[in-house]
Amino acid sequence: QVQLVESGGGLVQAGGSLRLSCAASGGTLSSNTMGWFRQAPGTEREFVGGISRSGLSTYYAESVKGRFTISRDVAKNTVYLQMNSLKPEDTAAYYCARRSSRYISTRASDYDDWGQGTQVTVSS
């Protein structure tokens, strides 16, 4: 089982930036497709974006496209979510997840392991 630990969340003003990290142990990123999801209170977990197992493909939800960027550092076994131009509606707990398939999925149920989440709060 791969263990995932997110960090980097916090409170930021609208228009600001944050970078979330997801450190993996017990497995290598190059063997896993990684996804980022978020969940606000009273809502379902929502796909934010993902990076394929090869690292060559990324895919984003329309709501964050052009503002968020996913990258990875294989040597550090870490995936990042760079969030720019943050909006109050981006406020949520953010989770990273992994699946062994080479394809990015937007469905939370397709991912096998999850981190504990990190809170992002964007003030207006």
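Counting begins at 1 with the first residue of the sequence. As the structure is a prediction and not an experimental result, all values here were calculated from the model.
For the pair Val79/Leu29, a side-chain contact is recorded, criterion being any heavy-atom separation below 4.5 Å from C-beta on. In this structure the side chain of Thr58 never reaches within 4.5 angstrom of the side chain of Met34, judged on heavy atoms. The closest side-chain heavy-atom distance from Met83 to Tyr94 is below 4.5 Å. Taking 4.5 Å as the limit, some side-chain heavy atom of Asp112 sits within range of a side-chain heavy atom of Arg98.
Taking CZ from Arg38 and OG1 from Thr118, the interatomic distance works out to 14.0 Å, rounded to the nearest 0.5 Å. Expressed to the nearest 0.5 Å, how far CD1 of Ile70 lies from OG of Ser57 amounts to 12.0 Å. Between the OG atom in Ser25 and the CD atom in Gln3 there is a gap of 4.5 Å [rounded to 0.5 Å].
Asp73 is linked by a salt bridge (Lys or Arg N to Asp or Glu O under 4.0 Å) to nothing, counting only residues two or more places apart in sequence or in another chain. Under the rule for a ring-ring contact (aromatic ring centres under 6.0 Å, His included), Tyr95 has no partner lying at least two apart in sequence or in another chain.
Under the 3.5 Å distance criterion, the side-chain polar atoms of Tyr59 are left unmatched by any main-chain donor or acceptor of Ser105. Under a 3.5 Å cut-off, the side chain of Thr91 and the backbone N or O of Val122 do form a donor-acceptor pair. Counting only distance, with no hydrogens or angles, the side chain of Asp90 and the backbone of Lys87 share a donor-acceptor pair below 3.5 Å.
Linking Ile, Leu, Val, Met, Phe, Trp and Tyr whenever their side-chain heavy atoms come within less than 4.5 Å puts Val120 and Tyr60 in one cluster. When the side chains of ILVMFWY residues are joined at heavy-atom separations under 4.5 Å, either directly or via intervening members, Phe37 and Leu86 end up in two distinct hydrophobic clusters. Placement of Phe47 and Ile51 in two distinct hydrophobic clusters is found when ILVMFWY residues are connected by side-chain heavy-atom separations under 4.5 Å, directly or transitively.
By the neighbour-count criterion of 12 heavy atoms within 6.0 Å, atom NZ of Lys76 is sparsely surrounded, having that number or fewer from other residues, nucleotides or ligands.
Across all their heavy atoms, Arg53 and Arg72 have their closest contact at O-NH1, 2.9 Å. Residues Ser21 and Thr78 approach most closely at CB-CG2, 4.1 Å, considering heavy atoms. The two residues Gly27 and Val2 make their nearest non-hydrogen contact at CA-CG2, 4.1 Å.
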Between Asp113 and Gln1, is a side-chain hydrogen bond (donor to acceptor under 3.5 Å, both in side chains) present by the stated rule, with each step listed? CA-CA 7 Å; Asp113 294 302; Gln1 186 177 5; 3.3 Å; yes
Let's go through Tyr80 and Leu20 carefully: what are the C-alpha distance in whole Å and the side-chain angles of both, what is the deciding distance for side chain to side chain contact (heavy atoms under 4.5 Å, CB included) to 0.1 Å, and is it a yes or a no? CA-CA 6 Å; Tyr80 303 98; Leu20 306 184; over 6 Å; no
Which side-chain N or O atoms in residues 4-18 pair as donor and acceptor under 3.5 Å with protein atoms at least two apart or in another chain?
unit_1: Glu6; atom_1: OE1; unit_2: Gln116; atom_2: N; d: 2.9
unit_1: Glu6; atom_1: OE1; unit_2: Gly117; atom_2: N; d: 2.8
unit_1: Glu6; atom_1: OE2; unit_2: Cys96; atom_2: N; d: 2.8
unit_1: Glu6; atom_1: OE2; unit_2: Gly117; atom_2: N; d: 3.4
unit_1: Ser17; atom_1: OG; unit_2: Asn84; atom_2: OD1; d: 2.9

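Because its NZ or CZ atom is both nearer than 6.0 Å to the ring centre of Tyr111 and within 45° of the ring axis, Arg99 counts as a cation-pi partner of that residue. Arg45 forms a cation-pi arrangement with Trp114, by the criterion of a distance under 6.0 Å to the ring centre and an angle within 45° of the ring axis.
We find that Asp110 and Arg107 are joined by a salt bridge, their nearest charged nitrogen and carboxylate oxygen being less than 4.0 Å apart.
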